[in-house]
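Worksheet for the structure shown next.
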Amino acid sequence: MIDSWSPWQIYTDWQPDLNSFKETLDGGQAFCWNSIDEYSYQGVVLNFPLRLRWLENKQVEWSCIPGQNEGAEKLLSTYLGTNKDYRAYYDTLPWRSDSHLKRCIEAYPDLRILGQPDGETLLGFLCSATKQIVQIKEMIQLVRSRFGRPLEDQMNQLPTWADLTTIEESALRACKFGFRAANIHKAAIKIAEEDIDLSALSSQPYEEAKDALCQFPGVGEKVADCTLLFGYHKLEAFPVDTWILKVMNRHYGLDDWSPKQVAHFGRIHFGSYAGLAQQFLFAWERSFGSK
DNA sequence: GGATCACCTTC
DNA sequence: AAGGTGATC
């Protein structure tokens, strides 16, 4: 369709290198971005269709649907993290004494932790158990196109948790959700019946919010930590998945440590911004750590 | 408590 | 085997 996207606008608060740009949007924090070409992505966040592109001078530009400019700009400032002092975050990480972490940061110097809508983040990571990123994206895309509110140009909003109460488990299974369908259906019912306000968790401390999330079926420590890190911007969350177990084994000598033990080590070793460190380690291992 | 296994489906 | 969780022993 002609003219369905606004003119490109400069996003002034982030000037990433190309690797950091791609890894931030499409490195497993979010499952809604599809590449248009080597330098740009299109996706839908809440009810905002968005495009982001990277230019040679490290400038990032964005575009939305005409009429949504104001809302889109506000959303992006949360999503990409305006006024966050990443320099200060890096400074607290132990890269001075941790040469592997230093190497990971140098590979993705402008990597950011996204600030996604909480409900979308929870749904995404409820889909993530023993799935690869491409598969999670496919599941999310299917449920979006079949059950999400239609937006411009064949794009759809992700179903809300209220929407999900009306979607049968079998319909979710038909979206390739597998055994995750039951968890998601039950979580939706629980949210509705107990009148749970997911956004209220953001004002709670990390441990309390984590306990609350772990009450949902299908949410254990790893899914809770991912939701807290990418959906509530709680940077002390340190998700431990198979990649992080591998990292800790190979680069930190933690042989045969349990996920719980590794999570404890991570919080002690990396500190208040352990989740940011985790994302560097994760990104590096996936791209450069050989099998 | 810690270890083991089923759970859907696909690459 | 793939970005886990929950039930069972």
Side-chain angles (χ1 to χ4, degrees), chain A residues 22-33 104 108 111 113-114 116 120-143 146 164 167-191 210-232 234 237-252 254-266 274-291:
Chain A
K22 292 175 138 182
E23 186 65 26
T24 298
L25 293 178
D26 204 17
Q29 297 189 50
F31 307 106
C32 63
W33 295 102
C104 297
Y108 300 96
L111 185 69
I113 299 294
L114 295 176
Q116 300 177 74
E120 298 192 354
T121 314
L122 178 59
L123 180 58
F125 285 96
L126 268 170
C127 293
S128 71
T130 64
K131 284 287 180 192
Q132 304 188 55
I133 293 168
V134 268
Q135 296 175 294
I136 302 166
K137 285 172 72 168
E138 190 186 0
M139 295 155 70
I140 290 291
Q141 181 53 40
L142 276 171
V143 76
R146 290 182 188 175
L164 285 162
I167 305 173
E168 295 295 336
E169 182 188 328
S170 58
L172 293 175
R173 281 180 181 264
C175 294
K176 306 192 178 184
F177 278 37
F179 63 79
R180 302 154 198 82
N183 291 333
I184 289 164
H185 184 69
K186 285 180 196 154
I189 302 288
K190 180 180 167 71
I191 290 172
K210 184 167 178 178
D211 287 342
L213 286 174
C214 286
Q215 297 305 111
F216 291 108
V219 178
E221 291 208 38
K222 190 271 179 185
V223 169
D225 275 332
C226 286
T227 306
L228 290 166
L229 183 56
F230 309 129
Y232 291 91
K234 294 193 183 297
F238 187 79
V240 175
D241 60 18
T242 54
W243 287 100
I244 293 301
L245 282 175
K246 190 182 293 184
V247 168
M248 290 304 169
N249 181 343
R250 303 169 94 191
H251 302 288
Y252 293 81
L254 310 190
D255 264 346
D256 289 322
W257 284 39
S258 72
K260 210 173 186 67
Q261 291 168 323
V262 168
H264 181 69
F265 174 90
L276 179 59
Q278 179 271 166
Q279 206 57 29
F280 285 118
L281 299 172
F282 177 81
W284 191 94
E285 198 67 21
R286 287 206 317 136
S287 295
F288 305 115
S290 55
K291 303 158 193 169

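All values derive from a computational prediction rather than experimental measurement. Just so it is clear: chains get the letters A, B, ... in the order the sequence lines come, proteins before strands, and each one is counted from 1.
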Using a 3.5 Å limit on both pairing distances, list the dot-bracket string of DNA chain B from the 5' end; Watson-Crick and G-U wobble pairs count, crossing pairs take [ ], interstrand pairs take |. .||||||.||.

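Every residue meeting the ring pair (Phe, Tyr, Trp, His ring centres under 6.0 Å) condition with A/F125, not counting sequence neighbours, appears here in chain and number order: A/F31, A/F230. Qualifying salt bridge (Lys or Arg N to Asp or Glu O under 4.0 Å) partners for A/D26, counting only residues two or more places apart in sequence or in other chains: A/K137. Checked against salt bridge (Lys or Arg N to Asp or Glu O under 4.0 Å), A/K190 has the following partners two or more places apart in sequence or in another chain: A/E194.
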Please list each protein N or O that sits under 3.5 Å from an N or O in nucleotides 6-9 of chain C, with the distance.
residue : atom : partner : partner atom : Å
C/dG6   : OP1  : A/G218  : N            : 2.9

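A distance-only check finds no donor-acceptor pair linking the side chain of A/E120 to the backbone of A/A30 [under 3.5 Å]. A/R173 contributes no side-chain N or O that, together with a main-chain N or O of A/A181, makes up a donor-acceptor pair within less than 3.5 Å.
A salt bridge does not link A/E169 to A/K186: none of the charged side-chain nitrogens sits closer than 4.0 Å to a carboxylate oxygen. The pair A/K246-A/E285 fails the salt-bridge criterion, with no side-chain N (NZ, NE, NH1 or NH2) lying under 4.0 Å from an Asp/Glu carboxylate O.
Within a 6.0 Å sphere centred on CG of A/D256, heavy atoms belonging to other residues, nucleotides or ligands number 12 at most.
Counting non-hydrogen atoms under 4.0 angstrom, A/I244 reaches nothing in the nucleic acid. Looking at heavy-atom distances under 4.0 Å, A/G27 makes contact with a base.
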Would A/E221 and A/K210 count as a salt bridge (charged side-chain N to carboxylate O under 4.0 Å, His left out) here? Give the steps. CA-CA 8 Å; A/E221 291 208 38; A/K210 184 167 178 178; 3.1 Å; yes

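In this structure, the CH2 atom of A/W243 is 7 Å from the P atom of C/dG3, given to the nearest Å. B/dT9 atom P lies 13 Å from atom CG of A/L142, rounded to whole Å. Rounded to whole Å, atom P of C/dA1 lies 16 Å from atom CG of A/L245. Rounded to whole angstrom, the span from the CH2 atom of A/W257 across to the C1' atom of B/dG1 amounts to 18 Å. Across the protein-nucleic acid pair, A/I136 atom CD1 and B/dT9 atom P stand 17 Å apart, rounded to whole Å. Regarding A/E138, its CD atom lies at a distance of 15 Å from the P atom of C/dG3, rounded to whole Å. C/dG3 atom C1' lies 14 Å from atom CD1 of A/I140, rounded to whole Å. What separates CD of A/E221 from C1' of C/dG4 is a distance of 12 Å, to the nearest Å.
Using the six-membered ring where Trp is involved, A/F282 and A/W243 have ring planes that are perpendicular, over 60° apart on the 30 and 60° scheme.
Stacking between A/F125 and C/dG3 is absent: the ring centroid is not both under 5.5 Å from the six-membered base ring centre and under 30° in plane angle.
Taken to the nearest 0.5 Å, the CD atom of A/E138 stands 11.5 Å off from the SG atom of A/C127.
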Base versus backbone protein contacts along nucleotides 2-8 of chain B [heavy-atom cut-off under 4.0 Å; B, S, -]: -----BB

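Separating the C1' atom of B/dT10 from that of C/dG6 is a span of 23 Å, rounded to the nearest Å. For the P atoms, the distance from B/dA3 to C/dG3 is 23 Å, rounded to whole Å.
Proximity of A/L142 to A/F177: side-chain heavy atoms (C-beta onward) are nowhere separated by under 4.5 Å.
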